Number of protein chains: 2
Amino acid sequence: MKVLVVDDEPQIRRALRTSLEAHGYTVETVGTGDEGVVAAASQHPELILLDLGLPDMDGTEVITRVRAFSEVPIIVLSVRESQSDKVAALDAGADDYVTKPFGMEELLARSRAALRRKGSGEPDAPILTFGSLQVDLAKQLVTIEAEQVHLTPTEYGLLEVLVTNPGKLLTHQWLLRRVWGQGYGTETTYLRTYVRALRRKLGDDASAPALIVTEPGVGYRWVADAT
Amino acid sequence: MKVLVVDDEPQIRRALRTSLEAHGYTVETVGTGDEGVVAAASQHPELILLDLGLPDMDGTEVITRVRAFSEVPIIVLSVRESQSDKVAALDAGADDYVTKPFGMEELLARSRAALRRKGSGEPDAPILTFGSLQVDLAKQLVTIEAEQVHLTPTEYGLLEVLVTNPGKLLTHQWLLRRVWGQGYGTETTYLRTYVRALRRKLGDDASAPALIVTEPGVGYRWVADAT
DNA sequence: ACACCGCGTGAAGAACCCGTGAACGCGCCG
DNA sequence: CGGCGCGTTCACGGGTTCTTCACGCGGTGT
């Protein structure tokens, strides 16, 4: 049973490692959010313990990134007790939220509860294929006919929400909030610009779309069939 | 989305009921553990909020009894903060443990997290079928004989309120308010135009309607049987 | 029988939206 | 310090959608 610990404080990493290993878990530890996402993709842990106070990126960002390609249980550890922090983390896709300092017995029990639930899930493929187009959600890598395509962060973010919601009509507001953040919702010119960039780089034609269909006045829709 | 609240304090029951119902949940409440187990079996709730301090039986006992026949998510609410209580409840099969007093926003977020985990397994089918016509409410996609039909936003909005109120007589004013907004109510020409567009695109004949029947002087009625 | 009302039909102007191309500013790295 | 990548913003032309109008037709009541 492999557990990934993402925390920047070495003593906490050590404490978690010893306690977890004493209970029969295998433990991997990393110190930054970026390493956390990479390890979640490459190591395939069965549980992630994630500290929210990371130096390089916000904790909810890590959750969103991991949730893009995996449904592995995530338990958040944080010193922040405010409701808004908890709500943000849970709604981003976390399974549980424990405030520091916490009791190790409680954390172990919550880990058992999270792992017990995981029983009925099916392993998901982190690589989506649409004809000659491939999107590796874990590595954030896009290839077309085995040729790597370079996308800017915003372009990739938009592509990710599109391919993970295939067939669905995604409204302008929904896309903007999802890719640019909660403060956005009316900047449809952003979408036009980035949808255009995606279509160009992915070889799609706006007048005869095979990937991204525009629904006038409403939003966009990813129409390619996964193969 | 039905939620079962098991708590012996009437004011907590009331508070939970109002908050949950305000967020769109259907709420059942009972006051004893015995009733809780019975309600869990008979009502098939999709989430259980369980107070540990029940008069007739220990809370972990309730969890064990429910877990004997159901995997419905259980969130424990308790005044007890000791680790041993949390461990006991979680190991008995609870999904989460929240200590009173708790913030309602946090509880709602934890409820969403629990329901999200559960919901990912069973595909809720919001696809309505009427013969060869299919309306996918989630994707906002309309197909006829597996062939995609393109509808404008207004056309789709009108179709949606029609198919979600099958058989009912929908007055002009009601339809206009529902599709165009509160400020409308007399513009029957809009309805004529868009009902016509729908009939054309869906292959219905106004003089022998199989989908949309006009009720002269009153409104319209969706008459197709869901299959 | 006749006028009237509501509906279906078709079409046309106006308003809106999208695709396209390009420019500007900012941070970063050499 | 200069270029480069990226995000943001603007303007224009063409297409789609919304709104509005006009004309027949059938049913209703007088």
Side-chain angles (χ1 to χ4, degrees), chain A residues 56 140 142 148-162 169-181 183-223, chain B residues 140 142 148-160 162 169-173 175-181 183-221 223:
Chain A
D56 61 331
Q140 305 198 10
V142 179
Q148 188 167 336
V149 179
H150 177 73
L151 298 183
T152 74
T154 311
E155 288 166 2
Y156 179 81
L158 179 57
L159 177 63
E160 182 179 287
V161 301
L162 285 171
L169 199 172
L170 310 175
T171 67
H172 296 141
Q173 200 182 74
W174 189 90
L175 285 166
L176 284 163
R177 294 237 171 101
R178 191 72 190 261
V179 178
W180 275 266
Y184 296 77
T186 59
E187 298 79 354
T188 56
T189 56
Y190 289 11
L191 284 175
R192 288 212 302 264
T193 306
Y194 279 92
V195 166
R196 170 173 148 70
L198 276 183
R199 291 211 254 234
R200 261 224 303 221
K201 294 187 177 180
L202 303 181
D204 203 22
D205 183 4
S207 57
L211 303 176
I212 305 172
V213 167
T214 127
E215 299 280 352
V218 186
Y220 292 89
R221 190 197 300 270
W222 182 266
V223 294
Chain B
Q140 300 199 17
V142 179
Q148 192 167 328
V149 179
H150 180 75
L151 299 183
T152 74
T154 312
E155 288 166 1
Y156 179 82
L158 179 57
L159 177 63
E160 185 177 288
L162 285 171
L169 201 171
L170 310 176
T171 67
H172 296 143
Q173 197 182 70
L175 284 167
L176 284 162
R177 294 235 171 104
R178 192 72 189 262
V179 177
W180 275 264
Y184 296 76
T186 59
E187 298 80 353
T188 57
T189 57
Y190 289 10
L191 284 175
R192 287 212 303 266
T193 307
Y194 279 93
V195 166
R196 169 174 148 67
L198 276 184
R199 292 211 254 232
R200 256 220 310 216
K201 293 188 177 180
L202 303 182
D204 203 22
D205 183 3
S207 58
L211 303 176
I212 304 172
V213 167
T214 124
E215 301 281 352
V218 186
Y220 292 90
R221 188 197 302 269
V223 293

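Lettering follows sequence order; numbering is per chain, from 1. The shown structure was predicted, so the numbers you read here are calculated from the model rather than taken from an experiment.
- Considering only heavy atoms from C-beta on, L176(A) stays 4.5 Å or farther from T186(A) through its side chain.
- Note on T154(B): a side-chain N or O is less than 4.0 Å away from OP1 or OP2 of dC18(D).
- As a whole-Å value, the separation of E215(A) CD from dC18(D) P is 12 Å.
- The phosphate of dG8(C) (OP1 or OP2) has a side-chain N or O of Y220(B) nearer than 4.0 angstrom.
- Y194(B) places its OH atom 11 Å from the P atom of dT20(D), with the value rounded to the nearest Å.
- Between W222(A) and the choices V161(A), L162(A), V213(A), L169(A), the side chain to side chain contact (heavy atoms under 4.5 Å, CB included) rule is met once, by L162(A).
- Relative orientation of the W180(B) and Y190(B) rings is tilted, given thresholds of 30° and 60° on the angle between their planes.
- Distance CZ (R196(A)) to P (dC12(D)): 18 Å, rounded to an integer number of Å.
- Distance, L191(B) CG to dG6(C) P: 14 Å, rounded to whole Å.
- Listed nucleotides: dT16(D), dT9(C), dC6(D). Nearest to the side chain of P216(A): dT16(D).
- For dC7(C), one of the phosphate oxygens OP1 or OP2 lies less than 4.0 angstrom from a side-chain nitrogen or oxygen of H172(B).
- In this model, the phosphate group of dT20(C) is not approached by any side-chain N or O of R192(A) to a distance below 4.0 Å at OP1 or OP2.
- Using a 4.0 Å heavy-atom criterion, one finds that S207(A) contacts no nucleic acid atom at all.
- OP1 and OP2 of dC18(D) both lie 4.0 Å or more from every side-chain N or O belonging to T193(B).
- Between the NZ atom of K201(B) and the P atom of dT16(D) there is a distance of 11 Å, rounded to whole Å.
- Per the geometry, CG belonging to L176(B) stands 13 Å off C1' belonging to dT19(D), to the nearest Å.
- Taking atom CD on E155(B) and atom P on dT16(D), their separation rounds to 13 Å, with Å as the unit.
- H150(A) has no side-chain polar atom (N or O) that falls below the 4.0 Å cut-off from OP1 or OP2 of dC4(D).
- One finds the CZ atom of R221(A) at 8.5 Å from the CG atom of L170(A) (value rounded to the nearest 0.5 Å).
- Considering only side-chain N and O atoms, W180(A) lies nowhere under 4.0 angstrom from the phosphate OP1 or OP2 of dG7(D).
- With rounding to the nearest 0.5 Å, the separation of OH in Y220(A) from CG in L198(A) is 10.5 Å.
- Picking from dT8(D), dT20(C), dT20(D) the nucleotide with the shortest atom distance to the side chain of A206(A) gives dT20(C).
- Closest to the T214(B) side chain, of the nucleotides dT20(D), dC6(D), dC7(C), is dC7(C).
- Between Y190(B) and dC18(D) there is no side-chain N or O to OP1 or OP2 distance below 4.0 Å.
- For R199(A) and dG19(C), the shortest distance from a side-chain N or O to OP1 or OP2 is below 4.0 Å.
- With R177(A) contributing its side chain and Y184(A) its backbone, the two residues share a donor-acceptor pair below 3.5 Å.
- Distances were taken from every side-chain heavy atom of Y184(A) (C-beta onward) to each of dT9(D), dT19(D), dT8(D); the shortest belongs to dT8(D).
- To the nearest angstrom, P of dT19(D) lies 9 Å from CD of E187(B).
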